[in-house]
Number of protein chains: 2
Amino acid sequence: MAFGAVRIFRLLADGRRQISAFHLPGEVFGFELNATHRFFAEAICATGLRAFRVTADVDVSRDLLPLALGGLAKAQEHLLVLGRQSASERLAAFLLDLAERQGGLEQFDLPMSRLDIADYLGLTIETVSRTLTRFKTKGVISLPSLRRVVVRRWGPLQEMAE
Amino acid sequence: MAFGAVRIFRLLADGRRQISAFHLPGEVFGFELNATHRFFAEAICATGLRAFRVTADVDVSRDLLPLALGGLAKAQEHLLVLGRQSASERLAAFLLDLAERQGGLEQFDLPMSRLDIADYLGLTIETVSRTLTRFKTKGVISLPSLRRVVVRRWGPLQEMAE
DNA sequence: CGTTGCTTTGAGAGCTCTCAAAAGGCGTGG
DNA sequence: CCACGCCTTTTGAGAGCTCTCAAAGCAACG
């Protein structure tokens, strides 16, 4: 991806949504897509993509398999988060992940809405909002704008994420 | 796998466990294993395995990639369960999955303990037990023994699983 | 400056968890 | 064959965390 952000998600019949992954600029993806089961990919905001075709130029074992295995590892990591961590732990892990993927700086973008975050972390939008407010109150982060995060203290964040 | 059952799981520092997959007889697996992050595979009971080596005989794009992608699809399916479904929905989906993988008969084995089920579904052992009891009380299933399930009424089970 | 949609905050309910004890299964040994 | 002990499972009671419903606050936009 060149710029923007993409979400990969599934829906239940009643509309409940689970986002299984976000993809940021510089990342290659597409394996998550499975035609058979209400899987979707959507751009979150203005986004530029490059598509690749599987041709003789693509070495499956060298290029595609590592990508698929990486996606599998991330999905399993996320299973641990959804199955066994509290709201604070989920948010902390999420912020650390985003920070790392954007270069590890103390300030970074939050390209997705609160609802997207909630649907990624298996929470409600209200719980996401309340938890971010608690982080802010504790001085762990600050939010210069709705879509921008500054990490004030990495230690507590890393401890919470386990 | 020839017989038995295997669980794939991850641990948090404080001992919380998340099982990401069970593997039953007849299934090929191994891609879940990732050396870098406290990943484990364990036999649940007496189990027979066959190991394959990646040699010239194995066509990566024909054999390995579909397997990895299948694992990814299952993991993402499971993310939806852990992120967005209630205890009853999780148990119902779990029982239906087990039934299907054992031939779709109305009677099938439960090769894993209640604790394993809980750690797979992101619940506690007590909640798993209570939910199974409720299914039994409603006449949806019966449990001739601890490790054996009979589905009495498929309809309610499928509705609960969505 | 009003409208519209997203986010935050508040109050209370509900589902699952925690802690605890009873019940049930299963193998060992008498 | 029965008694005992250990481990798993079930059941009970209460607490806690997250959810639901509701309203207020904010920001972007015409």
Side-chain angles (χ1 to χ4, degrees), chain A residues 5 7 12 14-19 42 44-46 81-95 109-138 140-149 160 162, chain B residues 5 7 12 14-19 42 44-46 81-95 109-138 140-149 160 162:
Chain A
R7 57 180 171 238
L12 284 170
D14 62 4
R16 281 176 289 178
R17 184 179 69 155
Q18 178 64 44
I19 294 179
E42 281 179 359
I44 293 173
C45 46
V81 171
L82 294 190
R84 288 295 175 223
Q85 296 199 301
S86 68
S88 303
E89 292 171 333
R90 295 181 202 200
L91 249 308
F94 176 69
L95 293 178
D109 284 326
L110 218 54
M112 64 291 289
S113 71
R114 300 293 189 267
L115 182 58
D116 283 333
I117 298 173
D119 284 350
Y120 177 69
L121 297 178
L123 301 170
T124 60
I125 183 175
E126 294 94 334
T127 298
V128 168
S129 179
R130 277 186 248 270
T131 305
L132 285 176
T133 299
R134 210 175 317 130
F135 284 4
K136 228 168 34 180
T137 306
K138 287 182 184 169
V140 175
I141 63 170
S142 60
L143 299 172
S145 80
L146 276 178
R147 299 297 181 92
R148 191 104 191 132
V149 178
M160 280 191 288
E162 292 283 63
Chain B
R7 60 180 170 236
L12 285 171
D14 61 5
R16 281 176 289 178
R17 183 178 69 156
Q18 178 63 44
I19 294 179
E42 283 180 356
I44 293 172
C45 46
V81 172
L82 295 190
R84 289 294 174 225
Q85 296 199 301
S86 69
S88 303
E89 292 171 332
R90 295 180 201 199
L91 249 307
F94 176 69
L95 293 177
D109 285 325
L110 217 53
M112 64 291 291
S113 70
R114 300 293 190 268
L115 182 57
D116 283 333
I117 298 174
D119 284 349
Y120 177 68
L121 297 178
L123 302 169
T124 60
I125 183 175
E126 294 95 332
T127 298
V128 169
S129 179
R130 276 185 249 271
T131 306
L132 286 176
T133 300
R134 210 175 317 132
F135 284 3
K136 230 168 34 180
T137 307
K138 287 181 183 168
V140 175
I141 63 169
S142 61
L143 299 171
S145 79
L146 277 178
R147 299 296 182 94
R148 192 108 190 127
V149 178
M160 280 191 286
E162 292 280 64

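In what follows, chains are A, B, ... by sequence order, proteins preceding strands, each numbered from 1.
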Drop me the distance from [X]'s [atom1] to [Y]'s [atom2], to the nearest 0.5 angstrom.
{"X": "Ile141(A)", "Y": "Leu132(A)", "atom1": "CD1", "atom2": "CG", "answer": "5.0 Å"}
{"X": "Arg114(B)", "Y": "Arg147(B)", "atom1": "CZ", "atom2": "CZ", "answer": "7.5 Å"}
{"X": "Arg148(A)", "Y": "Leu143(A)", "atom1": "CZ", "atom2": "CG", "answer": "11.5 Å"}

Find the distance [X]:[atom1] to [N]:[atom2] and express it as a whole number of Å.
{"X": "Asp14(B)", "N": "dC17(C)", "atom1": "CG", "atom2": "P", "answer": "15 Å"}
{"X": "Gln85(B)", "N": "dT16(C)", "atom1": "CD", "atom2": "P", "answer": "12 Å"}
{"X": "Leu121(A)", "N": "dC19(D)", "atom1": "CG", "atom2": "C1'", "answer": "15 Å"}
{"X": "Arg147(B)", "N": "dG24(C)", "atom1": "CZ", "atom2": "P", "answer": "18 Å"}
{"X": "Leu143(B)", "N": "dG25(C)", "atom1": "CG", "atom2": "P", "answer": "12 Å"}
{"X": "Glu89(B)", "N": "dT16(C)", "atom1": "CD", "atom2": "C1'", "answer": "14 Å"}
{"X": "Met112(A)", "N": "dT7(C)", "atom1": "CE", "atom2": "P", "answer": "12 Å"}
{"X": "Leu115(B)", "N": "dC17(C)", "atom1": "CG", "atom2": "P", "answer": "13 Å"}

- With a 4.0 Å cut-off, would you call Arg16(A) and Glu89(B) a salt bridge?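 Yes, this pair counts.
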- Kindly say if Thr124(B) contacts the phosphate of dT16(C), meaning a side-chain N or O under 4.0 Å from OP1 or OP2. no
- What residues, two or more places apart in sequence or in another chain, satisfy side-chain contact (heavy atoms from CB on, under 4.5 Å) together with Leu115(A)?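 In terms of side-chain contact (heavy atoms from CB on, under 4.5 Å), with neighbours along the sequence ignored, Leu115(A) is linked to Arg17(A), Ser113(A), Asp119(A), Ile125(A).
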- Query: Minimum heavy-atom separation for Ala118(A) to Thr124(A), with atom names?
  - Reply: CB-C, 3.5 Å
- Message: Tell me which residues in residues 125-136 of chain B lie within less than 4.0 Å of DNA chain C, going by non-hydrogen atoms.
- Response: Glu126(B), Thr127(B), Arg130(B)
- Item | Proximity to the side chain of Leu146(A) - top-ranked nucleotide from dT18(D), dT10(D), dT7(C) | dT7(C)
